[in-house]
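Keep in mind that what you see is a predicted model, and the values were worked out from it rather than measured. In what follows, chains carry the letters A, B, and so on, assigned in the order in which the sequence lines appear, proteins first and then strands, with residues in each chain numbered from 1.
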Protein chains: 2
Amino acid sequence: MTPLEMKRRKLRGGGNKITPQRIAILKAIDGIHSQFTPQELHRKLSAEHPEIGLVTVYRTLKLLAKSGLVCLMGNIGRSQSYARGPQQHHHHLICAGCDMVVDIPTCGLDELEKRLAHETGFTISRHHLEFTGLCRNCQAVSAGGLV
Amino acid sequence: MTPLEMKRRKLRGGGNKITPQRIAILKAIDGIHSQFTPQELHRKLSAEHPEIGLVTVYRTLKLLAKSGLVCLMGNIGRSQSYARGPQQHHHHLICAGCDMVVDIPTCGLDELEKRLAHETGFTISRHHLEFTGLCRNCQAVSAGGLV
DNA sequence: ATCCAGTTGAAAAGGATTTTCAACTACAGA
DNA sequence: TCTGTAGTTGAAAATCCTTTTCAACTGGAT
Ligand SMILES: [Zn+2]
Ligand SMILES: [Zn+2]
Ligand SMILES: [Zn+2]
Ligand SMILES: [Zn+2]
């Protein structure tokens, strides 16, 4: 089963319909390795699918995030951002130059989490960890003096 | 030197003026142990200082964050949020029930950061870690069935 | 082929934040 | 203390991002 088919199946399982818009959006997301805002995704889509409205992109991203088919990230400027990514617990390494997102599957925070819960009396239900830096490309660019 | 005085000094050092509005805002922040949005802070201020406008609260929070006198946090819903807190590197434990913020001074992520940098070729300049859960109070409330 | 709940796009509404601008004021220097 | 000025303020307007509304449309079950 192709990745796309798995995603279709997951959507259908949730009682959602498979529409041409949703397929186009899923495919587009697969080709993006950075984090992106709904507006950016819409801009990219509009070349091949000018008929897909911005509102649909907003709605579909929300649906995909709820279905675990896309990652809801923090904000870029004022805009919410998303990234292609696995639904299981993971973290992100983000390039401040090009917004590329690298998934980090390992998470060694369980012990710290337990200790904090013990020390503070909180019950801790989740955490969010995110590293920011420069990818190899962007390091080269800034070293090259294109300032 | 009182904490307030240290903050005044830091502001002046940056070439900023000490205005009654800024003092009122600094004092108000000192009394808030949760994260808060500019609007929430403005609401709290308006009891004693109805003359301070929302725009000034926005501007002042931005200034204080830049000066390291307040912590810029993530978003609560659509709003940016801030929290009283130290300027040096630290993390946060946030209660989802009451938005209380506990500062976590320890950070054991240096090694993971180094390893990631090595594995990915990134240079990593910072990270953001945030735990979410329920404080003792809010646990009691939800256990008490006040749903 | 039919039907209907879910989906769509455009426009409008809703909110948060920033910009604009004229009036004001903290404070350095005289 | 007085003055000049650069920084600050508040209200309104402008800007953005996001959601809601609603009538038309459609996927897919029967
Ligand atoms: Zn990069
Ligand atoms: Zn983790
Ligand atoms: Zn709480
Ligand atoms: Zn840290």
Side-chain angles (χ1 to χ4, degrees), chain A residues 4-5 7-26 28 35-67 69-70 72-82 99, chain B residues 4-5 7-26 28 35-67 69-70 72-82 99:
Chain A
L4 179 57
E5 237 165 305
K7 287 169 189 168
R8 291 173 69 135
R9 198 166 287 204
K10 214 164 212 169
L11 275 184
R12 301 279 4 266
N16 307 288
K17 290 182 180 173
I18 306 302
T19 65
Q21 291 91 337
R22 288 177 179 173
I23 292 184
I25 289 175
L26 278 174
Q35 58 180 337
F36 56 88
T37 66
Q39 316 237 8
E40 287 166 352
L41 179 56
H42 179 248
R43 205 178 314 127
K44 272 185 187 152
L45 275 170
S46 58
E48 285 205 53
H49 299 278
E51 76 282 4
I52 298 183
L54 177 59
V55 186
T56 296
V57 175
Y58 270 102
R59 280 191 287 229
T60 304
L61 283 174
K62 190 178 271 191
L63 172 65
L64 295 181
K66 200 177 58 178
S67 309
L69 298 176
V70 79
L72 176 57
M73 316 265 300
N75 286 49
I76 301 181
R78 280 190 212 167
S79 308
Q80 201 146 58
S81 74
Y82 294 85
D99 280 333
Chain B
L4 179 58
E5 236 165 305
K7 289 170 187 167
R8 291 174 67 135
R9 196 165 288 204
K10 212 164 215 169
L11 275 184
R12 302 277 6 265
N16 307 288
K17 291 182 179 172
I18 305 302
T19 66
Q21 290 92 335
R22 288 178 178 171
I23 293 183
I25 288 174
L26 279 173
Q35 59 180 335
F36 56 88
T37 65
Q39 316 237 8
E40 286 166 351
L41 179 56
H42 179 247
R43 204 177 316 128
K44 271 184 189 152
L45 275 170
S46 58
E48 283 205 53
H49 299 277
E51 77 281 4
I52 298 184
L54 177 58
V55 187
T56 296
V57 175
Y58 271 101
R59 282 192 285 231
T60 304
L61 283 174
K62 189 179 272 192
L63 172 67
L64 294 181
K66 201 177 57 180
S67 309
L69 297 177
V70 80
L72 176 56
M73 316 268 297
N75 287 47
I76 301 181
R78 279 191 214 166
S79 308
Q80 200 147 58
S81 74
Y82 294 83
D99 282 331

Between B:Gln39 (CD) and C:dT18 (P), how many Å, whole number?
11 Å
Distance-only check: which donor-acceptor pairs under 3.5 Å involve side-chain atoms of residues 7-16 of chain B, not counting sequence neighbours?
| unit_1 | atom_1 | unit_2 | atom_2 | d |
| --- | --- | --- | --- | --- |
| B:Lys7 | NZ | B:Asp30 | OD1 | 3.1 |
| B:Arg12 | NE | B:Asn16 | O | 3.1 |
| B:Asn16 | ND2 | B:Leu11 | O | 3.1 |

Expressed in angstrom and rounded to an integer, what is the separation of B:Ile52 atom CD1 from D:dT9 atom P?
9 Å
If you assign each of B:Gln80 and A:Thr60 to its closest nucleotide in DNA chain C, which residue comes earlier from the 5' end?
A:Thr60
Neighbour count above 12 (heavy atom, 6.0 Å) for B:Glu48 CD:
no
Would you mind reading off the distance between A:Ile23 atom CD1 and C:dT7 atom C1', rounded to a whole angstrom?
14 Å
Which whole-number value in Å describes the distance from A:Tyr58 OH to C:dA12 C1'?
15 Å
Got a sec, which residues hit side-chain hydrogen bond (donor to acceptor under 3.5 Å, both in side chains) with A:Gln35, two or more places apart in sequence or on another chain?
A:Ser81
Contact under 4.0 Å: B:Gln21 side-chain N or O vs D:dT8 OP1/OP2:
no
Using every non-hydrogen atom in the two residues, find where B:Ala28 and B:Leu41 come nearest and quote the distance to one decimal.
CB-CD1, 3.9 Å
For side-chain contact (heavy atoms from CB on, under 4.5 Å), just list the numbers for B:Gln39 and B:Tyr58, CA-CA rounded to whole Å, side-chain angles, deciding distance to a tenth of an Å, and then say yes or no.
CA-CA 8 Å; B:Gln39 316 237 8; B:Tyr58 271 101; 3.3 Å; yes
Encode nucleotides 19-30 of chain C as B, S and - characters from 5' to 3', where the letter depends on protein heavy atoms closer than 4.0 Å: B to the base, S only to sugar-phosphate, - to neither.
BB-----BSS--
Whole angstrom value for the distance that separates C1' of C:dT7 from CG of A:Leu61:
15 Å
Test your reading of the model: is there a side-chain donor-acceptor pair from A:Arg22 to the backbone of A:Thr60, 3.5 Å cut-off?
no
When rounded to whole Å, the CG to C1' distance for the pair A:Leu54 and C:dA11 reads 13 Å
Does a side-chain N or O from A:Arg78 land closer than 4.0 Å to OP1 or OP2 of C:dT18, or not?
no
What is the distance, rounded to the nearest whole Å, between atom CD1 of B:Ile25 and atom P of D:dT8?
12 Å
Find the distance between CG (B:Leu45) and CD1 (B:Ile52) and round it off to the nearest 0.5 Å.
5.0 Å
Whole-Å distance separating the NE2 atom of B:His49 from the P atom of D:dT8
19 Å
Picking from D:dT18, C:dT8, C:dA16, which would you name as closest to the side chain of B:Ser79?
C:dA16
